[in-house]
Amino acid sequence: MNIEEKIIKLKNEKNAIILAHNYQIVPIQDLADFRGDSLQLSIQAKKSQAPLIVFCGVRFMAETAAILNPEAKVILPVEDAGCPLADMINVEQLREFKALHPEAKVVCYINSSAAVKAESDVCCTSANAVQIINSFPEDETILFVPDKNLGSWVAKKSGRKVIVWDGYCPVHQWGFTRRAYEHLKNLYPDYKMIAHPECDEDIIEVADEVLSTSGMERYVKEHDRLIIATDSSFTDYMQHLYPQKKLISLNTRAFCNNMRKTNLKNLLNALEKEETIVEVPPETSEKALSALNKMLELSN
């Protein structure tokens, strides 16, 4: 029995489900019961009846699953799989930010800790950020944390007054350059570029479409000859799904090291031992749940 077969056997024996973010490596996504972006996985976590959720992603995602489904045991296969973007703001910094703008509402990107979510009015993902911002009155001032690039893009798309926190995803901020884009466009002039809104403005300005990863997946399904500006693991999986398509990562070396920490060996180990359980303190969980539920209500 190979390792994939062992994982499937153990998962079935324990009535577990495996959730995988679409920045995970190809073998992990292939084994998952559900794969997708943060919004899709949040919805799956909330409605799951499984007693055990194994979350192949990073800590804030597993925390979100634990908050949305307190009846389930949530396991993160790699305990130290964190998120540098989420680490760019803590709860004390958010409280200080709010004190500077006491009348403003706080929209918190899901790429944040449970404690930061608990201090926010509503969460959002890249898939629904514009929709969430537009749910507020037009004259409302919005504090957007922690991603300045997503927040700035949302502000332009919505026309709202948005004050952004100075955080960013290192992969999307530093992984892609206009020079790399121009080089590839010279080589492949008929290719379009799709970019994630976490990218720096230099890339957003020249992208043909700016999309969440779920939006990118739909776009890839319907189009060919694409340059993709997001974590290269996503491009790897799209090429795996559509081997006939011509897909190029804007930078094959731009990927999240934390996402790539999860592999088949530690996934099997997590299922066997159930040691790396993710739990959120009840008071934090209750407040964060309010912000998450509001996001899900507004996303319907």
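Just so you know, these numbers use all the heavy atoms, side chains as well, and skip hydrogens, waters and symmetry mates. Because the structure is a prediction, the values reported are computed rather than measured.
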For atom [atom1] of [X], decide whether the heavy atoms of other residues, nucleotides or ligands shown that lie under 6.0 angstrom number more than 12.
X      : atom1 : result
Glu13  : CD    : yes
Lys185 : NZ    : yes
Lys221 : NZ    : no
Glu286 : CD    : no
Tyr191 : OH    : yes

Thinking salt bridges, do [X] and [Y] make one under a 4.0 Å N-O criterion?
X      : Y      : answer
Lys287 : Glu283 : yes
Arg253 : Asp231 : no
Glu5   : Lys9   : no
Arg35  : Glu217 : yes
Lys14  : Glu274 : yes

Okay, side chain of [X], backbone of [Y]: is any donor-acceptor separation there less than 3.5 Å?
X      : Y      : value
Ser158 : Val154 : yes
Asn269 : Lys265 : no
Lys192 : Arg225 : no
Lys117 : Leu292 : no
Asp224 : Lys246 : yes
Arg59  : Gly82  : no
Gln29  : Asn22  : yes
Asn251 : Ala180 : no
Ser42  : Ser38  : yes
His223 : Tyr219 : yes

Please tabulate, for the side chains in residues 118-137, all donor-acceptor contacts under 3.5 angstrom to protein atoms that are two or more places apart in sequence or on a different chain.
unit_1, atom_1, unit_2, atom_2, d
Glu119, OE1, Lys98, NZ, 3.0
Glu119, OE2, Arg95, NE, 3.1
Glu119, OE2, Arg95, NH2, 3.2
Ser120, OG, Val116, O, 2.8
Asp121, OD2, Val106, N, 2.7
Thr125, OG1, Ala127, N, 3.1
Thr125, OG1, Asn128, N, 3.4
Thr125, OG1, Asn128, OD1, 3.4
Ser126, OG, His196, NE2, 3.4
Asn128, OD1, Thr125, N, 2.7
Asn128, ND2, Ser299, OG, 2.8
Gln131, NE2, Leu298, O, 2.7
Asn134, ND2, Val130, O, 3.4
Ser135, OG, Ile132, O, 2.5

Hey, any chance [X] and [Y] share a hydrophobic cluster, counting ILVMFWY side chains that come within less than 4.5 Å of each other, even indirectly?
X      : Y      : result
Leu41  : Ile28  : no
Ile18  : Leu76  : no
Val74  : Val54  : no
Leu241 : Val26  : yes
Met193 : Leu187 : yes

Nearest non-hydrogen partners of [X] and [Y], listed with the distance:
X      : Y      : result
Ala115 : Val91  : O-CG2, 3.8 Å
Val280 : Ala114 : CG1-CB, 3.8 Å
Asn69  : Ala45  : ND2-O, 2.9 Å
Gly215 : Leu211 : O-CD1, 3.8 Å
Ala16  : Leu271 : CB-CD2, 4.2 Å
Ala104 : Leu143 : CB-CG, 3.6 Å

- Audit row: His101, Thr141, side-chain contact (heavy atoms from CB on, under 4.5 Å) steps and yes/no: CA-CA 9 Å; His101 309 278; Thr141 298; 5.7 Å; no

- Would you mind reporting whether Ile43 and Lys46 have side-chain heavy atoms less than 4.5 Å apart? no

- Task: Find out whether Ile194 and Asp208 are in side-chain contact, i.e. whether some heavy atom of one side chain is under 4.5 Å from a heavy atom of the other.
- Result: no

Rounded to the nearest 0.5 Å, what's the gap from [atom1] on [X] to [atom2] on [Y]? Could you check?
X      : Y      : atom1 : atom2 : result
Ile3   : Ile8   : CD1   : CD1   : 11.5 Å
Ser48  : Ile17  : OG    : CD1   : 3.5 Å
Ile227 : Ile203 : CD1   : CD1   : 10.0 Å
Glu63  : Ser112 : CD    : OG    : 8.5 Å
His21  : Gln40  : NE2   : CD    : 9.0 Å
His240 : Leu247 : NE2   : CG    : 13.0 Å

- Message: Show, in sequence, the C-alpha distance, side-chain angles and deciding distance for Ile7 and Leu31, and conclude whether the side-chain contact (heavy atoms from CB on, under 4.5 Å) test is met.
- Response: CA-CA 8 Å; Ile7 289 168; Leu31 269 177; 3.8 Å; yes

- Task: State which residue, out of Tyr109, Trp153, Tyr168, fulfils the side-chain hydrogen bond (donor to acceptor under 3.5 Å, both in side chains) condition with Glu198.
- Result: Tyr109

- Message: Side chains of Tyr23 and Thr213: any donor to acceptor distance under 3.5 Å?
- Response: no

- Side chains of His172 and Asp147, donor plus acceptor under 3.5 Å: no

- Which of these, Thr252, Leu250, Ile248, Ile228, sits in a side-chain contact (heavy atoms from CB on, under 4.5 Å) with Thr235? Ile228

- Query: What's the verdict on side-chain contact (heavy atoms from CB on, under 4.5 Å) for Phe55 and Val278, showing C-alpha distance, side-chain angles and the deciding distance?
  - Reply: CA-CA 10 Å; Phe55 209 119; Val278 174; over 6 Å; no

- Item | Centroid-centroid under 6.0 Å between Trp165 and Phe144 rings | no

- Task: I would like to know whether Phe97 and Val145 meet side-chain contact (heavy atoms from CB on, under 4.5 Å); could you show each step before the answer?
- Result: CA-CA 10 Å; Phe97 193 34; Val145 298; 3.7 Å; yes

- Message: I'd like to check the side chain to side chain donor-acceptor pair (under 3.5 Å) partners of Gln173; sequence neighbours left out, ordered by chain and number.
- Response: Asn149, Asp200

- Message: Suppose the criterion is salt bridge (charged side-chain N to carboxylate O under 4.0 Å, His left out): which pairs have a residue in residues 154-164, not counting sequence neighbours?
- Response: Lys156-Glu201

